[in-house]
Structure formats: C-alpha cells, structure tokens
Amino acid sequence: MKKNCPEDFKNFTAEIKVASPGRINLIGEHTDYNNGFVMPSAIDKKIYFEMAKNDTDNLARIYSETFDTYVEWDLANIKKSENSWENYLLGVIDEINKLGKTFSGLNCIINSELPIGAGISSSAALECGFAGGLNELFGLGLSKMDIVKLSQRAENNFVGSNCGIMDQFASVMSKKDHFIKLDCDSLTSTFIPAKLNNYKLLLINTNVSHNLADSEYNTRRQECEDAVAVIQKEYPEVSSLRQVSFEMLQEFKGKIAPVPFKRCRYVLEENKRVTATEKALKNDDLAAAGKLMYASHRGLQHDYEVSCKELDFLVDFSEDKEYIHGSRMMGGGFGGCTINLIEADKIEAYFAEVKSAYTKAFDREPSQIIVVPDEGTIVTKLQ
Ligand code: GLA
C-alpha cells in the first residue's frame, strides 16, 4: 500500500545501517548461469538502508528517499507490487518466510546512489542489503552465503528474472581493492588484488536500456540449456557447459544448430579468458588483461549477440587509444555501461571526446562513473 510519508516517519532512531554496493564485472559475462567463471567486484557506489524495529507485529514501513515514495506492507500478506523496486525487497521477505524464519514490524529508509538500468546491479544491492539488514535486526542467523542465495532466489522467483548468482555474490562477498574469481559451479572463489597502478576503471553509461534485455537474456539461457541437453544424450555426465570441452563441442557441430553452437563456443572461450585474465593480473600485465576485455566484447557482440550499437560505438571508439588497455560491455547487455581500463590522468579529456562523438551519433549524452573495487555489504549496529 502506498501512502504519503507521515511527517514524523523519518525521525525514527535507526538501530542499524547497511551499505550495500553495486558491482562491476571485469570479465566473464553470461557465464554465471552456465556454471562458468566470472570476475566481479563490489564498487564504492552503494545503496544505504537505515532500519529499526517498530512496535507492530506485521507492519513494514518503507520510505525510498530516491523515489520519494513511502509504502506500507503487511508482512503476513506479501503480494507483488507494480513498483518494480519494491519487488526486490518483497521477494527477500518472501524467501525469508519460506525458510521458516519470522520477524516483526520494521521501519526502513532507503537511499541509493546507483543509477538504474546501468548494468551495475542496483537490484542485487537492494536485495542483499535488505536481507543483510533484516538478518542483523532480527537475529535471523543467516550466513553470508544464505543471503547471497536467498537474494538470487528472490529475483528468480518473485521478481521473475532468471539471473545467475554473480551479482548477489559480488555485492555481499567482495573485498576492498580486489576482484573475485568466482567458480559458479562449485561456488568457490579467490580474491585477486586489483593492482591497477596508474590505471582506473571507468564506466561509461550509454544511458539506453533496450527492452529486449529480459527476453533475450532468457533466450540465451535457454539456448545454452538446450545445447547441453543435446550433448547430455551422448555424455550423460554433462550437466552444464562447464563440463564441455572445445573438442566435445566440436563433435556436435551438425547436431546443434549454428546459432546455439556459437553461443556455446562463446561461453567456453569466455571461461578461458577469465582464467587468462587472472593470470595477467597476477603478473601485473594490465595490457594483456585489457586485450582479453576487447576479445570478450567481440564475442558478446558477434557470437552471443547481446551488445547493441551504442555499446559497440563506445568500445570501437576506445580501441585505438594507447592509454586505454581494454573496454567491453558489462552485465546483461542491450544497454547499460562499458567498463574501461584507462590511464587515470587521461579520463577527463577522453570522456569529453567520447561524449561529444557519442552525442553526435545518438543524440543522447553518455555519463561517466569512476569506480573502485570495494568491500561487500557492510552492516553497522548503531545502538
Ligand atoms: C546480469 C545477471 C547476472 C549475469 C549477467 C551477465 O547481470 O544478473 O547473473 O548473468 O547479467 O553476465
């Protein structure tokens, strides 16, 4: 239920504060739901929650400062809302309920510095931050991994988006100044120091988000799963593309149609690139890491076909600049940001140049976000 925000609501005394980050992904795109490798990190741009119990059994009172919207929910009767941001939170409540954990009424104020539709996963930040806050406030006894998984389930089951686990994992588990190499099959991870020296990570937001994104995301997933089903008939031990080698895939050339075949090949290649990027970063070879970013983009553009002309324009524009090591689309695709590994003192001039060219080409301005790999969710007890 939506009401006007009561005058005194914002004056409640918060018991806890949560800082819940967005995420970047250096490399490893559309590999998470194929049980492959990804290399994300949380960033220094976040959603903040202030939360306290109230004296009711079932009333959640939530105010989004970002949307200047106040809502009240009956915790015993959770229903989908037409306001999309609410569903990420409602989904979390629903999944906590399913775990048989109970809690009582609460007040919550939310403030976000994450742009929506930019591909930096404001949705995972909302889910994981709220789940982490409820966990602390009501002593639910959930582990970090429980929070990651229930937040992903909230998105799959309640919001209805069939995402993988990368975004939630990065938002919760990240470590300042590190990338995570996550194996989405075993869910084991290692931290890789983000020693960027005089380089920085610059996101350039196309400021478009084509509405193909959701349907095409699900189609890609399905194409990969259907291909795995074909392979499984001859190799019953195969349960995802992770167990498929290049040689094995080659055997199915005529049996899997050309389009799904190239999707699979892309996934296998991208997994290899993540491992190669890990090696490059460990060898302090940022130039090699950057080349792998370009190769990732070209795979996403031509084989996985989830890019768009705005993203391609930004990547093409960067390619002959010797002070940019790498550039690629980031996240699900069809809009959102590119991630660029660029010399720090060139950012200002480069952005001015690319902004002017992009605006001319698309009659729309891009925006820039400089990001630093940062800590996952931080929950602070205030009293
Ligand atoms: C979205 C999804 C992730 C992942 C990426 C593509 O961000 O939420 O799970 O699949 O797309 O890599």
Side-chain angles (χ1 to χ4, degrees), residues 20-43 84 87-88 91 114-128 148-174 179-185 187 189 203 205-206 209-225 240-242 263-264 266-271 273-274 277 292-293 296-297 299-301 303-308 311 328-339 371:
S20 183
R23 67 100 188 89
I24 47 169
N25 186 25
L26 187 66
I27 198 158
E29 218 64 86
H30 287 273
T31 43
D32 61 350
Y33 55 82
N34 285 307
N35 290 5
F37 295 115
V38 291
M39 198 178 285
S41 170
I43 53 173
S84 70
N87 289 325
Y88 298 106
L114 300 179
I116 293 163
I120 53 178
S121 213
S122 53
S123 48
L126 264 180
E127 292 149 2
C128 298
V148 168
K149 287 184 172 170
L150 84 82
S151 296
Q152 186 200 10
R153 288 200 302 274
E155 187 143 348
N156 293 162
N157 301 333
F158 199 87
V159 178
S161 149
N162 216 1
C163 68
I165 201 163
M166 168 171 76
D167 303 346
Q168 291 78 10
F169 194 97
S171 186
V172 174
M173 301 292 198
S174 291
F179 296 108
I180 303 176
K181 185 191 179 204
L182 171 64
D183 177 340
C184 298
D185 196 23
L187 294 183
S189 60
L203 307 185
N205 192 349
T206 57
S209 83
H210 296 292
N211 51 13
L212 282 172
D214 285 346
S215 60
E216 289 298 307
Y217 187 92
N218 291 337
T219 309
R220 294 299 174 280
R221 237 191 126 134
Q222 199 56 53
E223 284 167 337
C224 293
E225 283 166 16
S240 74
L241 283 178
R242 182 60 184 285
R263 309 284 194 244
C264 296
Y266 160 80
V267 171
L268 267 52
E269 286 168 355
E270 185 75 347
N271 281 333
R273 281 190 286 264
V274 177
T277 302
L292 291 158
M293 290 169 73
S296 166
H297 184 81
L300 289 158
Q301 177 183 3
D303 290 343
Y304 217 68
E305 295 179 288
V306 289
S307 186
C308 61
L311 288 164
R328 55 180 287 275
M329 58 151 275
M330 190 181 76
F334 300 102
C337 291
T338 58
I339 178 168
V371 293

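When a ligand or atom number is given, it counts from 1 through the structure's own listing order.
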My understanding is that only residues two or more places apart in sequence, or in another chain, count here; which of them pass side-chain contact (heavy atoms from CB on, under 4.5 Å) with [X]?
X      : answer
Asn35  : Asp185, Ser240, Arg242
Ala154 : Val92, Glu95
Cys264 : Ala227, Leu241, Leu249

**Request:** Only one of Leu182, Ile180, Asp167 passes side chain to side chain contact (heavy atoms under 4.5 Å, CB included) with Val38; say which it is.
**Result:**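 Filter result, single survivor: Leu182.
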
**Prompt:** Could Glu305 and Arg220 be called an ion pair, given the rule that one side-chain N must be under 4.0 Å from one carboxylate O?
**Reply:**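 A salt bridge is absent here (no side-chain N lies under 4.0 Å from a carboxylate O).
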
**Asked** Is the closest side-chain donor-acceptor distance between Ser296 and Arg328 under 3.5 Å?
**Response**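 Arg328 and Ser296 do have a side-chain donor-acceptor pair below 3.5 Å.
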
**Message:** Given a heavy-atom cut-off of 4.0 Å, could you list the residues near ligand 1 in chain and number order?
**Reply:**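 Lining ligand 1 at under 4.0 Å, by heavy atoms, one finds Arg23, Glu29, His30, Asp32, Tyr33, Cys163, Gly164, Met166, Asp167, Tyr217, Gly331, Gly332.
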
